[in-house]
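Single-structure report; data block below.
Just so you know, these numbers come straight off a predicted model, no measurement behind them.
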Amino acid sequence: MRYSSLVDRIGGRAVTAWGIHYEAVAAARAGEDVIVLSVGDPDFPTPEPIVEAAVTALRGGDTHYTPLAGYPELRLAIAAAHQESWGQPVGLENVMFTAGTQNALASVAQLVLESGDEVIIPEPMYLTYEASMGLSGAIPVPVPQPASLGLRLDLAALAAAITPRTRAIFFATPNNPTGIVMSRDELSEMARLAIAHDLWVVADEVYAPLTFDVPHLSIAALPGMAERTVTIGSVSKSHAMAGWRAGWAVGPAELITHMTNLNQCTMYGLPGFVQAGTLVAIEQRHAIHESMRSIYRRRRDMMLARLADVPGLKCLTPQAGMFMLVDVTGTGLTPAEFVPRLYRAVGVSVLNAGAFGPSAKDFIRVSFANSDERLAEACDRIARFVG
Ligand SMILES: Cc1ncc(COP(=O)(O)O)c(C=O)c1O
């Protein structure tokens, strides 16, 4: 049978980069002794009060259709948290509850981009961005964050990438896979260009609560940016709730109305019990963020210490999140060779970071969303393999 051209636009790198990962997950399920460090799904359970709230809602009969944009009390809580954390004044009308950051990203892409529009995206970029742009037929224009600049945004290249067809800048801070937090200077330059060229800015801030050393800044709070910025986030990473599919978009009220209309033909609302759990997640965010941050910081430091002396490996210290980039070229292997050989030799799955963009071509991405013991064991195995 014949398919639409959409199937090609959503079937790129994001689909093919996960080969070893899927193999490792299947092997782990089959009881084999493999360590999966190729994904950012927190290894521990969602905090108990959140689970309790969802179960109570379910038992209390919250099994019906829900308002398309999300329960008002949840949207208000998200608005208050956004304002408190990032300093942008927003209300209920600026918030849409979504099925995770991914759903927000794809929805916004469809609402602000036309086929043939150009979208600037700093690379390395999260793997689903390209296909998400493909939904609308927009063309991703990667802008390097080169290793020579410490994987930070090349501001001259950013300015040079803008053409009359540029419609938006999509980016993540903190970044996946680099773990780098954008600086005020970088964000200010991006804001200046967005205002000068009348561009949308979509800021993926899913890792914002998990910064270790430097504070996260929201571009939406910079002068002149509220009307053109959509901030997206979720509780997937910050609250160990990846499977709940609970996130949000915060942006101009008109965009939220359009998102609500889109939701009517895609989701028709999201589960009430998920929203009940998410409300508790937002209410208890201070304590939960602190605890998650300290776990990931401890793991990051432990892995940096254990891999520091392995000859041929060079770790890039992440400022946030749950991933670390490691330059493996000193081993004499490219990442494309290193990843499958590591897995076959010692059963540790990591990703070839080159899949996130050419600037990361020398690196593998290692997740620390696994227990301290397994991470320590994985480091030993990586050292053994390299040795
Ligand atoms: C940068 C980035 N954006 C979005 C997502 C998707 O997150 P969510 O579970 O909220 O859809 C991820 C997940 O790894 C990510 O790394």
Side-chain angles (χ1 to χ4, degrees), residues 12-13 86 105 108-109 112-113 116-130 132-133 138-205 207-208 211 213-232 314 316-321 323 325 327 329 335 353-363 365:
R13 274 191 303 176
W86 318 126
L105 179 73
V108 174
V112 305
L113 303 172
D117 283 347
E118 293 177 2
V119 186
I120 291 182
I121 314 177
E123 63 82 16
M125 70 181 80
Y126 179 52
L127 284 172
T128 67
Y129 278 28
E130 201 171 311
S132 302
M133 301 305 116
I139 301 159
V141 177
V143 168
Q145 305 184 102
S148 57
L149 294 180
L151 292 155
R152 303 208 75 105
L153 185 57
D154 181 338
L155 295 177
L158 175 70
I162 296 175
T163 75
R165 307 190 73 160
T166 308
R167 179 61 62 93
I169 304 173
F170 278 60
F171 74 105
T173 180
N175 180 278
N176 172 11
T178 65
I180 286 174
V181 177
M182 283 219 181
S183 67
R184 185 172 290 280
D185 285 351
E186 287 165 323
L187 294 173
S188 299
E189 176 60 3
M190 212 185 285
R192 187 187 70 74
L193 291 168
I195 292 168
H197 297 275
D198 195 22
L199 308 177
W200 280 101
V201 171
V202 178
D204 175 346
E205 303 188 355
Y207 296 103
T211 56
D213 311 312
V214 290
H216 167 81
L217 298 170
S218 258
I219 194 167
L222 297 183
M225 289 306 289
E227 67 192 65
R228 62 182 66 257
T229 304
V230 192
T231 307
I232 59 178
K314 261 191 285 174
L316 185 87
T317 304
Q319 298 171 316
F323 304 107
L325 286 186
D327 182 335
T329 52
F356 297 81
S359 294
K361 69 175 175 38
D362 292 340
F363 296 85
R365 191 195 71 171

Here the gap from Glu205 atom CD to Thr211 atom OG1, rounded to the nearest 0.5 Å, amounts to 11.5 Å
All heavy atoms of Ile139 vs all of Gly116, minimum pair found to be CD1-O, 3.7 Å
When you compare the side chain of Leu217 with that of Met182, does any pair of heavy atoms fall below 4.5 Å? no
Q.
Less than 3.5 Å apart, any donor N or O on the side chain of Gln145 or Thr178 sitting next to an acceptor on the other?
A. no
Query raised in the report: Do side-chain atoms of Gln319 reach the backbone of Val181 as a donor and acceptor pair under 3.5 angstrom?
Result: yes
Shortest non-hydrogen pair, Phe363 vs Ala147, comes out as CE1-CB, 4.3 Å
Interatomic distance, CZ@Phe323 vs OH@Tyr126, rounded to 0.5 Å, equals 7.5 Å
Smallest heavy-atom separation, Asp362 atom then Pro335 atom, equals C-CG, 3.5 Å
May I ask you to test the Thr166-His197 pair for a side-chain heavy-atom distance under 4.5 Å?
-> no
| task | Give a yes-or-no answer on whether the side chains of Ser183 and Asp185 include a donor-acceptor pair shorter than 3.5 Å. | result | no
To the nearest 0.5 Å, atom CG of Leu193 lies from atom CD1 of Ile120 at 8.0 Å
In the structure I gave you, are the side-chain heavy atoms of Pro142 and Met125 within less than 4.5 Å of one another anywhere? yes
Checklist entry - So, does Thr163 use its side chain to make a donor-acceptor pair with the main chain of Arg165 at under 3.5 Å? => result yes
Practice prompt. Side-chain contact test, heavy atoms from C-beta onward, threshold under 4.5 Å: evaluate it for Pro318 versus Leu316 and give yes or no.
Written response: no
Interatomic distance, CG@Asn176 vs CG@Leu127, rounded to 0.5 Å, equals 7.5 Å
Worked verdict on Asp117 versus Met133 for side-chain contact (heavy atoms from CB on, under 4.5 Å): CA-CA 10 Å; Asp117 283 347; Met133 301 305 116; over 6 Å; no
Exercise. Do Val119 and Arg167 come within less than 4.5 Å of each other through their side chains, counting heavy atoms only?
Worked result: no
Q: Could you check if a side-chain atom of Leu153 sits within less than 4.5 angstrom of a side-chain atom of Met190, using non-hydrogen atoms only?
A: yes
When every non-hydrogen atom of Ala353 is compared with those of Leu325, the smallest separation belongs to CB-CD2, 3.7 Å
To the nearest 0.5 Å, atom CD1 of Ile162 lies from atom CG of Leu199 at 5.5 Å
So OG1 of Thr229 and CG of Leu222: to nearest 0.5 Å the spacing works out to 8.0 Å
Residues His216 and Pro174: closest non-hydrogen pair is ND1-CD, 3.7 Å
Note to self: What verdict does the side-chain contact (heavy atoms from CB on, under 4.5 Å) test give for Asn175 and Leu151, after you've listed the backbone C-alpha separation in whole Å, the side-chain angles of each residue and the deciding distance to 0.1 Å?
What the structure shows: CA-CA 10 Å; Asn175 180 278; Leu151 292 155; over 6 Å; no
Shortest non-hydrogen pair, Glu123 vs Phe356, comes out as CB-O, 4.0 Å
Note to self: Any heavy-atom pair between the side chains of Phe171 and Leu187 that's under 4.5 Å?
What the structure shows: yes
- Task: Compare all side-chain heavy atoms of Tyr129 with those of Leu105 and state whether any distance is below 4.5 angstrom.
- Result: yes
